[in-house]
Amino acid sequence: MKRLAITTALAFALGTVAPAAEVYFDTVSTAKATRLHGSYISAYAGGSRIGGVSTGKNLRGHSLNNATGWNAGVRFGYSFDTPVALRPALELDLGYLSNDVSLRKSADTRYKGGLQSVYAFGNVLLALDLENTGASDFWSKLKPYVGAGAGLAYARVRHLDYVKDGRRVDDEDGGQISFGYQVFAGLEYEFTDQFSIYGEYKYLSLYDLGGGDVQGADFSQYLVGMKFQY
């Protein structure tokens, strides 16, 4: 009788351990699946150059030289899960831009300014995620994406070297809140479920930069960044 009781107790214990183990691993799998969407933060930095500029009457007839600078910022976003491999996301993009503006009309008529801007944009992003499509481990970690955004920027332009007909001009542009937009495309590589890096090309345009001699500018930017999902 005693032996029968012990055998029954062991059988009951083994019967409860197996389902518990199954529930544990199912929980881990579910937790991994939920990380395909959710909140994230990323930080980026890179080089910037001006591709086009709009000017006031004082700088009409000037041609644009290659003017370079840099851009850096952070993004706070949320990625949405979908039944297909395309994953949309919404972002708040906060950044800082510093770029030279170099223009020339002749040997004794030239302009060089320093443009600084802080901006806050709302972005919409769409990424291709192959993690649950049966793709190989390498391809499932690569996530190409495209996006666009718009918002407000505070921009200021300082005259660094302004020479007109051989005479130096000492007045300088002001600063004010302006409108801007951006479009971008990049490739993200996922090292873990929480951490990835990305490379990105971004086209950024700012309007009404203080209403002075330099009134607007377009930028081509090449950025690298890190992304943390939580």
Side-chain angles (χ1 to χ4, degrees), residues 32-54 69-99 115-133 135 139-155 176-209 216-230:
K32 178 179 176 63
T34 59
R35 286 195 290 271
L36 295 176
H37 65 279
S39 301
Y40 62 87
I41 182 173
S42 70
Y44 61 87
S48 173
R49 65 180 180 85
I50 291 182
V53 62
S54 59
W70 59 274
N71 182 212
V74 293
R75 293 170 179 165
F76 303 91
Y78 187 90
S79 178
F80 297 90
D81 192 12
T82 64
V84 295
L86 295 175
R87 306 205 181 278
L90 297 176
E91 294 181 335
L92 173 62
D93 190 349
L94 306 176
Y96 177 80
L97 168 68
S98 178
N99 216 113
L115 185 153
Q116 288 84 37
S117 175
V118 292
Y119 57 83
F121 289 166
N123 293 337
V124 178
L125 183 147
L126 188 63
L128 177 64
D129 190 345
L130 300 177
E131 185 165 348
N132 283 344
T133 62
W139 291 108
S140 67
K141 292 180 181 295
L142 289 174
K143 295 178 173 59
Y145 63 89
V146 295
L152 299 177
Y154 177 82
Q176 69 180 47
I177 295 176
S178 61
F179 172 79
Y181 72 90
Q182 60 186 7
V183 292
F184 52 90
L187 183 63
E188 178 184 342
Y189 183 82
E190 183 182 82
F191 284 95
T192 69
D193 292 332
Q194 292 83 20
F195 174 72
S196 58
I197 62 173
Y198 60 89
E200 178 179 299
Y201 168 79
K202 180 169 73 173
Y203 173 85
L204 171 66
S205 183
L206 299 178
Y207 290 94
D208 194 16
L209 304 179
D218 302 324
F219 307 85
S220 291
Q221 301 177 340
Y222 300 89
L223 309 171
V224 293
M226 299 181 297
K227 176 180 173 182
F228 302 89
Q229 185 158 339
Y230 55 92

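Heavy-atom basis, side chains included; hydrogens, waters and symmetry copies ignored. Quick caveat, the model's predicted, so the values are computed rather than measured.
For the pair S205 (side chain) and D218 (backbone), a donor-acceptor distance under 3.5 Å is absent. With hydrogens and angles disregarded, a donor-acceptor distance shorter than 3.5 Å links the side chain of S54 to the backbone of G216. Formation of a donor-acceptor pair under 3.5 Å by the N71 side chain with backbone atoms of Y96 is found in this model.
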Working for side chain to side chain contact (heavy atoms under 4.5 Å, CB included), residues Y145 and E200: CA-CA 9 Å; Y145 63 89; E200 178 179 299; 2.7 Å; yes

Residues D93, Y119; criterion side chain to side chain contact (heavy atoms under 4.5 Å, CB included); working and verdict: CA-CA 8 Å; D93 190 349; Y119 57 83; 4.0 Å; yes

Evaluation steps, side-chain hydrogen bond (donor to acceptor under 3.5 Å, both in side chains), between N99 and S48: CA-CA 7 Å; N99 216 113; S48 173; 2.8 Å; yes

Stepwise side chain to side chain contact (heavy atoms under 4.5 Å, CB included) test for Y198 and L223: CA-CA 8 Å; Y198 60 89; L223 309 171; 5.7 Å; no

CA sep, side-chain torsions, deciding dist, call: E91, Y40, side chain to side chain contact (heavy atoms under 4.5 Å, CB included): CA-CA 9 Å; E91 294 181 335; Y40 62 87; 2.7 Å; yes

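Side-chain atoms of L187 and L142, non-hydrogen and from C-beta on, do get closer than 4.5 Å to each other. L115 is not listed as a side-chain neighbour of I50, based on a closest heavy-atom distance of 4.5 Å or more. Counting heavy atoms from C-beta on, the side chains of L204 and F184 never come closer than 4.5 Å. Contact check for Y78 versus S39: side-chain heavy atoms found under the 4.5 Å cut-off. Contact of the Y181 side chain with the Y203 side chain is registered, since non-hydrogen atoms from C-beta on lie closer than 4.5 Å.
Note that CZ of R75 and CD1 of I41 are 12.0 Å apart. Values are rounded to the nearest 0.5 Å. Atoms CG and CD1, on L152 and I177 in that order, are 6.5 Å from each other to the nearest 0.5 Å. A distance of 11.5 Å separates CD in E188 from NZ in K141, rounded to the nearest 0.5 Å. Rounding to the nearest 0.5 Å places CZ of R87 at 8.5 Å from NZ of K143.
For K202, there are no salt bridge (charged side-chain N to carboxylate O under 4.0 Å, His left out) partners two or more places apart in sequence or in a different chain.
Pairing each heavy atom of L90 with each of F80, the nearest pair is CG-CE1, 4.0 Å. Between Y201 and S220 the shortest heavy-atom distance is OH-OG, 3.1 Å. Of all the heavy atoms in S196 and E190, the pair that sits closest is CB-CA, 3.6 Å. Across L94 and A120, no two heavy atoms sit closer than the pair CD2-CB, 3.7 Å. The two residues A148 and V183 have their closest heavy-atom pair at CB-CG1, 3.9 Å. Here the closest non-hydrogen pair linking A185 and V146 is CB-CG1, 4.0 Å.
Aromatic ring centres of F228 and F195: separated by under 6.0 Å.
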